[in-house]
2 protein chains.
Amino acid sequence: MHSVLAYTDGGCRGNPGLGAWGYVLINVATGSALARACSEANTTNNRMELAAVLNALCALSKPDTEILIRSDSKYTIDSCSTWLAGWKKRGWKRATGPLKNVDILQQLDVELAKHGVKFEWVKGHAGDRGNEYVDGLLNECMDLGATGSIERRLQWD
Amino acid sequence: MHSVLAYTDGGCRGNPGLGAWGYVLINVATGSALARACSEANTTNNRMELAAVLNALCALSKPDTEILIRSDSKYTIDSCSTWLAGWKKRGWKRATGPLKNVDILQQLDVELAKHGVKFEWVKGHAGDRGNEYVDGLLNECMDLGATGSIERRLQWD
RNA sequence: AGACACCGAAUACC
DNA sequence: GGTATTCGGTGTCT
């Protein structure tokens, strides 16, 4: 059983506007970590928060990985761990109005099924080391413009 | 029709902390001016900026005075000239969360109705003579402690 | 009505 | 470099 800790975050300058998603994946046993961020034009904060989780999960090399994801987005956490099942059952519809970000939500549904994923909410901008690190990466990435990309290997300890 | 020019300013050591509000009222026709400042314990910068305008208006002896107020606080200017009407209409509520400094805002609503008040924003600490004068008065007043008070009559020309 | 996030602006301070 | 006082808005869901 592999054990991974992840921090994910998304941000947007303008909302909608220039955005970016980012994550750090940490191998708990060894402390070796992979950090990634990507920017995108004309997107939204919530879409980026969702994309951060999706991309983190896609980066897992082995199936059935046990992973704990820390995010500051209640929308993202509730989407993945509470609401997604209901939306799927009802044909990807919500109570009133159209369900947003369905494309990402459906990919998330697939990826979530491949692993043992747990979520934990962390308050944003409150000194949490992992959250602040990814937030910083995000902003570096947005500074690069609409097609920025950052990949870093680091030791987390 | 009386024509008055006023500079108002508020400040705070610590925010929240020891604060003070101040103003200069200038009779444009004669150049005779009245300057006042008062300090207060445990208050906020924005509250002091608001209080500066309120106290300036209360100092006007005659009703229906035409007065131009110069402040460096966009918060204060927008509150008085843009947002106040909407807050009143909606029962002193803002878009999300509680509306702060409602007590002063409501008194402001009363005083603003009594006169012909216009606002002009001036950049703080940028060499504007009136703004700098009041800022100096404020700081003298805070030097006096939590219950300081200054009143001066002067010739503005 | 609630929650979280994202942004924008100005000021005040340390 | 940081924090606090304040406001406006959008993105999203229940």
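Every chain is numbered from 1, with letters handed out A, B, ... down the list of sequences.
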Across nucleotides 7-14 of chain D, 5' to 3', mark each nucleotide with B, S or - according to how protein heavy atoms within less than 4.0 Å reach it.
SSSBBSSB
Rounded distance (nearest 0.5 Å) linking atom CE of A:M48 with atom CG of A:D9
11.5 Å
Ring-face cation contact, A:W83 with A:R94, 6.0 Å cut, 45° max
no
Rounded to whole Å, please give me the gap between CG in A:L138 and P in C:A5.
15 Å
When the distance from CH2 of B:W121 to P of C:A10 is rounded to whole Å, what number comes out?
7 Å
Calculate the interatomic distance between A:E49 atom CD and C:C7 atom C1'; express it in whole Å.
13 Å
Measure the distance from NZ on B:K123 to C1' on C:U11 and round it to the nearest whole Å.
10 Å
Would you please classify the geometry between the B:Y23 ring and the B:W21 ring as parallel, tilted or perpendicular, with 30° and 60° separating the classes?
parallel
Between the OG1 atom in B:T65 and the CG atom in B:L60, the distance rounded to the nearest 0.5 Å is 5.0 Å
For atom CG of B:L18 and atom P of C:C13, their distance in whole Å:
11 Å
Between the protein and nucleotides 1-3 of chain C, which nitrogen or oxygen pairs come in under 3.5 angstrom?
none

Is the shortest side-chain N to carboxylate O distance from B:D128 to B:R70 below 4.0 Å?
no
Applying a 4.0 Å non-hydrogen cut-off, can you work out what B:G10 is touching in the nucleic acid: base, sugar-phosphate, or nothing?
sugar-phosphate
Please step through side chain to side chain contact (heavy atoms under 4.5 Å, CB included) for the pair B:I150 and B:L144, ending with a clear verdict.
CA-CA 9 Å; B:I150 295 176; B:L144 264 33; 4.0 Å; yes
Quick one, B:K123 and B:N131 - any side-chain contact, counting heavy atoms below 4.5 Å?
no
Taking any heavy-atom pair under 4.0 Å as a contact, classify A:G19: base, sugar-phosphate, or nothing.
nothing
Distance col, row B:C80:SG vs B:L108:CG, nearest 0.5 angstrom, shows 4.0 Å
Could you check if a side-chain atom of B:N46 sits within less than 4.5 angstrom of a side-chain atom of B:K100, using non-hydrogen atoms only?
no
Atom CG of B:D72 and atom C1' of C:A9: how far apart are they, to the nearest Å?
14 Å
What is the distance, to the nearest angstrom, from the CZ atom on A:R13 to the P atom on C:A5?
19 Å
Given atom CG of A:N42 and atom P of C:C6, what is their separation to the nearest angstrom?
19 Å
State whether B:H125 places a side-chain N or O below 4.0 Å from either non-bridging phosphate oxygen (OP1 or OP2) of C:U11.
no
